[in-house]
Amino acid sequence: MFKLNLKIAWRNLWKNKGYTFINILGLSIGMASCILIFIFIRYQMSFDEGFKNENRIYRVVSSWAYNDGNQFFSQGVPLPLTPAMRNDFSPYIEKISAIENSVGLIKINNVAGKEQLKAIENVFYVEPDFFEIFNYNWLSGNYASLKNPNSVVLSKEMAEKFFGNWKNALGKNINYEGNLNYTVTGIIDDVAENNSVPLKIMLSYKSFKDRNLEKWGSVGSNSESYFKLKPNVNIETLNGPLKSFLKKYYTEKAPGKEGHIFQPLSDIHYNDKFGNFSGRIMPIKQLYGLGVIGFFLIITASINFINLATAQAISRSKEVGVRKVMGSQRSQLVTQFLTETLTIVLISVLIGSVLTEIALPGMQSLFDAKISFSIFQHPIILVFMLLLVVFVSLLAGFYPAIVMSGFNPALAIKNKISANTGGLGLRKILVVVQFTITVTLIIGTLVILQQMKYIREQPLGFNPTAIAMVDLLNDSLKTQRFATFKTQLKQVPGIKEVSFCRTAPSSQNNNGSTFSYNGGKDADFQVNTKNADEDYLKTFDLKLVAGRNLVKSDTTNEYMVNETLLKKLNIRNPNEAIGKMISMGDMKAPIVGVIQDFKNKSLHETIDPILIGSLKPRYFYAAIKLNSKQITGTMKVVEEIWQNTFPESVYNQSFLDDQINAYYQGEKIMGTLFKVFAGVIIFISFIGLFGLISFVATQRTKEVAIRKVLGASTIELVKMLNGSFLVMVFIANLVAWPLAYLFVSKWLNGFAYRIEISIWPFALAMLISMAITLITVSIRSYKAAVANTIDALKYE
């Protein structure tokens with residue numbers, strides 16, 4: 001029976017090639033888009049999975065609440081927290097481990113002691129307990145060796161990079177930062193890309209030295225702590241002990257109220273409130289947004305199918321009547337029509353798979369991720385495709401099958417079925433729904449593009465153009481060469497200015513500190529501290545509003561502050577602050593200048609109170625202002641000078657423009673996706689509209705001919721056929737406007753600096769949808785209106 005139904009289905013589809021083509025084209029593109037979205041969401045949802053007892057693994061993160069209502073969060077914790085929790089929370093936690101991220105120079109020497117390889121690498125100081133919390137695959141050695149100082153565990157990738165074959169690495173030495181040799185005591189298999197802790201080089205935590213090892217008031221994002229709960233212990237049980245813990249250890253008075261949160265492992269990749277060592281965050285709301293777009297895509301394609309199938313119903317009425325007279329049951333007819341739908345959907349999913357494979361490299365490039373479309377490697381993709389086939393077949397095929405199988409056989413055989421049969425009202429509703437989705441996406445796309453343009457054009461308060469940030473090394477021997485390095489750079493023709501600094505004016509690496517002003521008590525907010533030399537203002541075009549610049553000195557400490565800091569201290573006249581003292585810990589220095597406010601973070605956030613001071617050992621970068629016409633040649637000279645000055649290290653540089661653009665990578669991705677998928681939905685909607693008007697024009701061929709004989713002009717006939725479609729699209733715009741307003745308002749609320757929503761994106765969306773509808777429908781209407789009248793009157 002199924003074979004017969006399939007044969008009949010194939011004949012009917014072949015007979016109506018035009019409509020079959022439109023349906024397959026729309027469904028193929030819709031399904032390809034859905035599959036692409038699904039495999040990306042699957043990849044993102046796979047982060048930090050696969051660990052034993054992963055539901056019991058948590059990360060400790062930090063928070064601060066201030067009197068002005070501000071809250072701050074960090075992935076980091078104070079260095080003494082882990083040993084204190086190991087003792088105080090022992091009834092509740094099975095294991096806890098500190099992990100410290102650092103970057104430094106790795107050197108490998110050959111047997112003769114000659115330097116074989118050197119590279120700047122990410123390293124982690126890890127306690128042995130870390131590997132009892134996370135079960136990694138050990139190829140050689142074991143984690144117990146990390147109890148000993150000066151031992152290192154490598155990933156397979158690093159072992160092969162350093163020693164050629166990972167099997168030869170055990171017992172070999174690597175040198176880190178020029179002064180310490182570490183012995184390789186273990187090899188783990190490569191850590192998956194979708195992991196928030198990208199372990200490659202793991203040093204014994206006992207080798208970690210830091211002046212803040214016992215300070216509770218210092219928190220850096222490089223210091224994380226993970227723990228595993230004991231079986232049958234609920235995380236809420238730790239709330240009481242946590243209050244006692246905070247009271248016990250945070251004894252110093254501070255302007256912000258310190259706190260800690262226990263973050264589940266499953267939340268780390270999706271929570272943009274905190275960071276992680278991989279630097280890869282995908283907010284869950286963006287995944288939900290992608291899922292909704294995918295759902296809209298498949299709904300839009302299915303609406304096309306329903307509209308065309310119900311519109312075609314009248315042309316198949318005689319077939320239904322004859323089959324009913326011959327004894328076919330309604331259920332058999334429903335099965336027949338669903339088989340036709342299933343055939344189209346199966347063809348569409350095959351074509352959609354080919355389109356997915358073609359589009360996948362572009363998506364990998366957009367998201368910078370190794371996304372795989374292998375159904376053998378990820379069987380869940382095959383399951384999704386099968387569910388998609390079933391869902392679309394039932395959604396698109398069930399209603400048309402019920403309509404057509406319900407025809408009265410006597411009327412059907414006599415061709416007395418009305419042209420409105422098959423749900424004319426429903427077709428109009430579905431067209432309105434389809435175009436509501438389309439218009440909403442058009443408006444969303446226009447607003448996202450407008451906001452991104454606003455961000456690009458927003459004055460930052462400094463000039464980031466053509467500035468190279470070259471890494472500096474901070475041991476005492478190398479800092480002595482800084483002056484020579486700077487002097488040589490300033491002699492290069494393509495270099496305008498050079499400044500040594502801890503960070504650029506805008507940076508994701510920010511240090512917050514408590515301070516007191518003019519001998520008073522500690523301020524009730526933290527200040528963002530930046531270290532820089534006397535050329536910082538000139539290099540970045542920062543503007544002084546009062547006082548003077550920092551002076552060149554190896555002994556004198558002094559500060560410049562921004563306008564926001566003074567506003568928070570209720571100082572209205574910048575000149576009042578000049579000469580007043582700032583105290584931070586053991587350091588005390590006068591304010592010598594006030595700088596005009598500049599955007600020190602992304603435009604999602606407001607400007608921080610900022611303090612700039614000179615402290616030579618804390619210079620991490622040489623900021624080099626270049627002549628924009630000579631960048632390539634100049635940077636080659638810069639590298640050569642750097643190599644001659646610091647021959648024992650490895651050169652590394654980036655451009656400030658690129659760093660700032662990276663802040664908005666998520667928005668760029670969303671903007672690109674909206675443009676692509678809005679275009680896809682527009683295309684699907686309008687090919688469906690073309691198919692529908694084609695069928696309507698065919699059904700009204702005789703009516704059009706009679707009207708022409710009675711004197712109707714071509715324009716009047718086109719207007720008659722167009723009218724209802726334009727009204728439907730107009731109604732869709734009215735429905736879409738409030739929905740789109742809610743969406744874009746919520747999205748824009750994530751920016752501290754944002755555009756005001758204007759009428760023009762809504763008006764332009766209406767203009768675009770009405771214009772394309774008019775063009776699409778008019779082309780087919782005009783063809784029907786100018787058809788030969790005599791042939792039309794002979795129609796049927």
Side-chain angles (χ1 to χ4, degrees), residues 58-82 84-85 88-89 98 100-101 210-227 235 238-264 267-268 271-277 281 502-503 507-517 520-530 561-562 564-570 582-587 600-602 604-611 750 752:
Y58 290 80
R59 180 174 70 166
V60 188
V61 292
S62 301
S63 65
W64 296 267
Y66 290 89
N67 294 333
D68 60 3
N70 283 323
Q71 268 192 308
F72 295 93
F73 301 92
S74 172
Q75 72 195 68
V77 292
L79 292 173
L81 177 134
T82 301
M85 277 191 68
D88 293 21
F89 284 80
E100 180 79 19
N101 185 213
D210 193 283
R211 59 193 176 91
N212 295 319
L213 276 171
E214 296 181 4
K215 289 186 179 179
W216 286 88
S218 178
V219 175
S221 58
N222 289 338
S223 308
E224 289 191 354
S225 184
Y226 290 85
F227 68 88
I235 193 65
L238 276 63
N239 291 339
L242 178 61
K243 290 178 183 176
S244 304
F245 182 85
L246 296 172
K247 194 177 290 185
K248 178 179 177 181
Y249 292 103
Y250 290 99
T251 54
E252 295 181 15
K253 287 188 177 180
K257 186 178 179 182
E258 301 94 340
H260 291 293
I261 300 164
F262 301 135
Q263 184 186 22
D267 182 59
I268 291 174
N271 195 328
D272 53 1
K273 197 181 289 182
F274 310 102
N276 61 52
F277 287 141
I281 298 284
R502 182 185 178 93
T503 63
S507 171
Q508 295 292 67
N509 183 10
N510 293 285
N511 266 359
S513 298
T514 57
F515 75 103
S516 66
Y517 172 76
K521 64 178 184 178
D522 281 355
D524 62 355
F525 60 90
Q526 285 193 329
V527 65
N528 186 327
T529 61
K530 293 180 180 291
V561 298
N562 71 341
T564 294
L565 187 145
L566 298 187
K567 288 172 191 171
K568 281 187 165 286
L569 291 171
N570 294 317
I582 292 278
S583 298
M584 284 193 306
D586 301 330
M587 290 186 63
N600 66 299
K601 294 179 182 175
S602 80
H604 289 281
E605 302 167 87
T606 54
I607 295 171
D608 284 337
I610 294 169
L611 182 149

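Evaluation of the salt bridge (charged side-chain N to carboxylate O under 4.0 Å, His left out) rule for Lys247 yields no partner, not counting sequence neighbours. Among residues two or more places apart in sequence or in another chain, the ring-ring contact (aromatic ring centres under 6.0 Å, His included) test is passed with Phe73 by Phe274. For Arg59, the salt bridge (charged side-chain N to carboxylate O under 4.0 Å, His left out) partners two or more places apart in sequence, or in a different chain, are Glu224.
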> When you look at Leu79 and Glu100, which way does the side-chain contact (heavy atoms from CB on, under 4.5 Å) test go after all the steps?
Replying inline: CA-CA 9 Å; Leu79 292 173; Glu100 180 79 19; 3.5 Å; yes

>> Please determine whether side-chain contact (heavy atoms from CB on, under 4.5 Å) holds for the pair Asn276 and Ile281, giving the CA-CA distance in whole Å, both sets of side-chain angles, and the decisive distance to 0.1 Å.
In response: CA-CA 8 Å; Asn276 61 52; Ile281 298 284; 3.1 Å; yes

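By the 4.5 Å heavy-atom criterion applied to side chains, Thr529 and Arg502 are not counted as neighbours. Residues Gln263 and Tyr58 form no side-chain contact, since every pair of their non-hydrogen atoms from C-beta on lies 4.5 Å or further apart. Side-chain contact check for Ser63 versus Ile261: some heavy-atom pair is nearer than 4.5 Å. Looking at Leu611 and Phe515, their side chains never come closer than 4.5 Å, going by heavy atoms from C-beta outward. Between Asn600 and Ile607 the shortest side-chain heavy-atom distance falls below 4.5 Å. By the 4.5 Å heavy-atom criterion applied to side chains, Tyr517 and Val561 are not counted as neighbours.
Here the shortest heavy-atom pairing between Phe277 and Ser221 reads CE2-O, 3.8 Å. Of all heavy-atom pairs between Lys568 and Pro609, the closest is CD-CG, 3.5 Å. Counting all heavy atoms, side chain and backbone alike, Pro78 lies closest to His260 at CD-CE1, 3.7 Å.
With hydrogens and angles disregarded, a donor-acceptor distance shorter than 3.5 Å links the side chain of Asn562 to the backbone of Asp608. A donor-acceptor pair under 3.5 Å links the side-chain atoms of Ser62 to the main chain of Gly76, judged by distance alone.
The six-membered or imidazole ring of Phe245 lies near that of Phe89, with a centre-to-centre distance under 6.0 Å.
Separation of atoms CG (Asp88) and NZ (Lys248) is listed at 4.0 Å; rounding is to 0.5 Å. In this structure, the separation between CZ on Phe227 and OG1 on Thr82 is 11.0 Å, given to the nearest 0.5 Å.
Counted within 6.0 Å of NZ on Lys243, heavy atoms from surrounding residues, nucleotides or ligands total 12 or fewer; the atom is thus considered open.
Aromatic ring orientation, Tyr249 versus Trp216: parallel (interplanar angle below 30°, classes split at 30° and 60°).
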